[in-house]
Amino acid sequence: KFPLCRMLTALVFILLSPGWVVAQIHTCSGCKNVLISARLCIPDVDECRTMPDACRGDMRCVNQNGGYLCIPRNLYNQPYRPDPIVPEPVYPDPSAGFPNSFLPSPPRSVEPSYPRVISTAQCILGYTLAEDGTCNDIDECETNSHHCNPTQVCINTAGGYTCSCTEGYWLLGGQCQDIDECRYGYCQQLCANVPGSYSCSCNPGFILNPDSRTCQDVDECADEPCSHGCLNTYGSYMCNCDEGFELASDGTTCIDLDECSFSEFLCQYRCVNIPGSYSCICPPGYYIYEDGRSCEDVNECDTGNNTCTTAQVCFNFQGSYTCLNPLQCNLPYIEVSDNQCMCSAENPACRDKPFTILYRHMDMSSGRSVPADIFQMQATTRYPGAFYIFQIKSGNDGREFYMRQTSNVSATLVLSRPIKGPKKVVLDLEMVTVNNVINFRGSSIIRLTIFVSEHPF
């Protein structure tokens, strides 16, 4: 239904912002129609009317068969000058011979179907004629004849120019908008977007690598920030303290622990705090035992560190010592040994008096737990038909002691109440012998001197 048309392809240069766009227009030769996708020609479409923004800037749209042109307005407004009439040559009939000259044919009028652009310039658009007759490219960017908006950068090209954006920007809606590089994870840790670029930084404890993107750990321990020990960690560090110290609130310095304040049982006597540790001390008359906390009595009598004379006897007790004078028996008693006095039955003055007085000494810790068996008495001579009575005759004013008979011939002195030292207690422990067969009653005394120490050890 449609005449066949010979297909032609026209290239149309349309100047658009930001640069040149090449449009390829398919036209039909021999008909003023445009080829559509069904490869059929339909009447030409006037793009200059149907496309309001076909040409931009200082360009004017000129419709053509199957396309349009965008040309500068100043060039379009030049007065139209028709092409000069060129006579067509007339070829003679060969049969009639060849004349010496050709006769000109009558002129043919040419009527263009669209405005003709006639210019005396010999260079295409985007070039200028130089004095030597060559065409030189016009640098629209240097001459500021481009149409790039203020946010764009003009880049000169051969015969034209392009409008582009600087690094860090992209074209969006005809404007150069900043690219937020931080959205794409260019930085390992911290990223700060800046116009046209970005800046990477690191968290505390890290430094930026030479690539300005990645971070590496800082070994803070190299600067010795801790007063004692330092342990480097990823992005930070930890301070530790030697034994006997604790970390202060600032996290770097170490303060001494007062171990003595933790418990009153660290030392048997007294705890002394020292930097990083503690020390136990003992009162005079004691020394520190192998365990470092217990106190042991110093036996001044064995070490010779005493003031007793040669006539005296050194008696050691817990924490101290005493010098015992030689035994002196009061009349009517006479000395029978170095620790015993006797009153003879033949002496009338000894009637109703204990037959013998035996002197004994012992030591005891202050505050000793009760009840406690501390001394034992026993009859050394046994008489048939006799029995024995054991009792505390004197010295038990505070009733701290009592006698417990353990057999017919023995008894034990029991501490019933704690005694605080230092104190010296003298007890007369009496053993009464009773024999009803021979009607005999007599007694013997042990004079027991107890040295109570000042301390409970």
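Here, residue 1 is the first one in the sequence, and each next residue gets the next number.
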Examine distances only and state if a side-chain atom of [X] and a backbone atom of [Y] form a donor-acceptor pair shorter than 3.5 Å.
X: Glu430; Y: Ile445; answer: no
X: Asp223; Y: Pro225; answer: no
X: Arg293; Y: Leu266; answer: yes
X: Ser227; Y: Cys254; answer: yes
X: Ser337; Y: Gln340; answer: yes
X: Glu181; Y: Val194; answer: no
X: Ser453; Y: Ser366; answer: yes
X: Arg447; Y: Leu429; answer: no
X: Gln312; Y: Thr309; answer: yes
X: Asp46; Y: Thr50; answer: no

- Message: Distance check, rounded to the nearest 0.5 Å: Cys200 atom SG versus Gln189 atom CD?
- Response: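 Those atoms lie 10.0 Å apart.
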
- Message: What's the separation between atom NZ in Lys423 and atom CD in Glu400, rounded to the nearest 0.5 Å?
- Response: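 If I round to the nearest 0.5 Å, the distance is 5.0 Å.
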
[X] and [Y]: side chain donor to acceptor below 3.5 Å:
X: Glu300; Y: Asn305; value: no
X: Thr412; Y: Gln376; value: no
X: Thr162; Y: Ser164; value: no
X: Tyr321; Y: Thr307; value: yes
X: Thr214; Y: Asp211; value: yes

- Apply the test disulfide (SG to SG under 2.5 Å) to residues Cys48 and Cys55: give CA-CA distance (whole Å), side-chain angles for both, the deciding distance (0.1 Å), then the verdict. CA-CA 8 Å; Cys48 295; Cys55 296; over 6 Å; no

Search all heavy atoms of [X] against all heavy atoms of [Y] and return the closest pair with its distance.
X: Phe245; Y: Gly276; answer: CE1-CA, 3.2 Å
X: Asn273; Y: Cys260; answer: N-SG, 3.5 Å
X: Arg382; Y: Tyr388; answer: CA-OH, 3.1 Å
X: Cys221; Y: Asn232; answer: SG-N, 3.3 Å

- Query: Can you list the steps and then say if Asp373 with Val414 is a side chain to side chain contact (heavy atoms under 4.5 Å, CB included)?
  - Reply: CA-CA 5 Å; Asp373 298 344; Val414 180; 3.4 Å; yes

- Task: Could you walk me through whether Cys123 and Leu129 pass side chain to side chain contact (heavy atoms under 4.5 Å, CB included), step by step?
- Result: CA-CA 6 Å; Cys123 299; Leu129 187 63; 3.9 Å; yes

- Message: Would you say the rings of Tyr198 and Tyr186 are close, in the sense that their centroids are separated by under 6.0 Å?
- Response: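 Centroid distance Tyr186-Tyr198: below 6.0 Å, so yes.
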
- Message: Please confirm whether the ring centroid of Phe457 lies under 6.0 Å from the ring centroid of Tyr286.
- Response: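 Here the rings of Tyr286 and Phe457 have centres that are less than 6.0 Å from each other.
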
So that I can confirm a possible disulfide, could you see if the SG-SG distance for [X] and [Y] falls below 2.5 Å?
X: Cys239; Y: Cys230; answer: no
X: Cys314; Y: Cys323; answer: no
X: Cys280; Y: Cys267; answer: yes

- Item | Partner residues of Asp363 under the side chain to side chain contact (heavy atoms under 4.5 Å, CB included) criterion, sequence neighbours left out |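 With neighbours one apart ignored, the set is Phe317, Gln318.
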
- Task: Could you tell me how the ring of His361 sits relative to the ring of Phe451: parallel (under 30°), tilted (30 to 60°) or perpendicular (over 60°)?
- Result: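 The arrangement is parallel - the two ring planes meet at less than 30°.
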
- Item | For Asn316, the option from Thr303, Asp297, Asp302, Asn306 that meets side-chain hydrogen bond (donor to acceptor under 3.5 Å, both in side chains) |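 In the set Thr303, Asp297, Asp302, Asn306, the residue that makes a side-chain hydrogen bond (donor to acceptor under 3.5 Å, both in side chains) with Asn316 is Asp297.
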
- Task: Step by step, work out the ring-ring contact (aromatic ring centres under 6.0 Å, His included) result for Phe375 and Phe401.
- Result: CA-CA 11 Å; Phe375 190 79; Phe401 307 91; over 10 Å; no

- Criterion side chain to side chain contact (heavy atoms under 4.5 Å, CB included) on Val452 and Lys424, from CA distance to verdict: CA-CA 6 Å; Val452 183; Lys424 179 180 177 180; over 6 Å; no

- State, yes or no, whether a side-chain contact exists between Tyr278 and Leu257 at a heavy-atom distance under 4.5 Å.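 They are not in side-chain contact.
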
- Message: A side-chain contact here means heavy atoms from C-beta on lying under 4.5 Å apart; do Cys343 and Pro332 qualify?
- Response: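 In contact.
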
- Item | Step-by-step disulfide (SG to SG under 2.5 Å) determination, Cys341 to Cys329 | CA-CA 6 Å; Cys341 296; Cys329 298; 1.7 Å; yes

- Could you go step by step and tell me if Gln216 and Phe206 meet the side chain to side chain contact (heavy atoms under 4.5 Å, CB included) rule? CA-CA 5 Å; Gln216 68 174 356; Phe206 295 88; 5.8 Å; no

- Phe387 pairs by side chain to side chain contact (heavy atoms under 4.5 Å, CB included) with which of Asn435, Thr433, Asn436?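 Going through Asn435, Thr433, Asn436 one by one, the side chain to side chain contact (heavy atoms under 4.5 Å, CB included) with Phe387 is satisfied by Asn436 alone.
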
- Assess whether disulfide (SG to SG under 2.5 Å) is satisfied between Cys308 and Cys301, documenting all intermediate values. CA-CA 9 Å; Cys308 299; Cys301 298; 5.9 Å; no

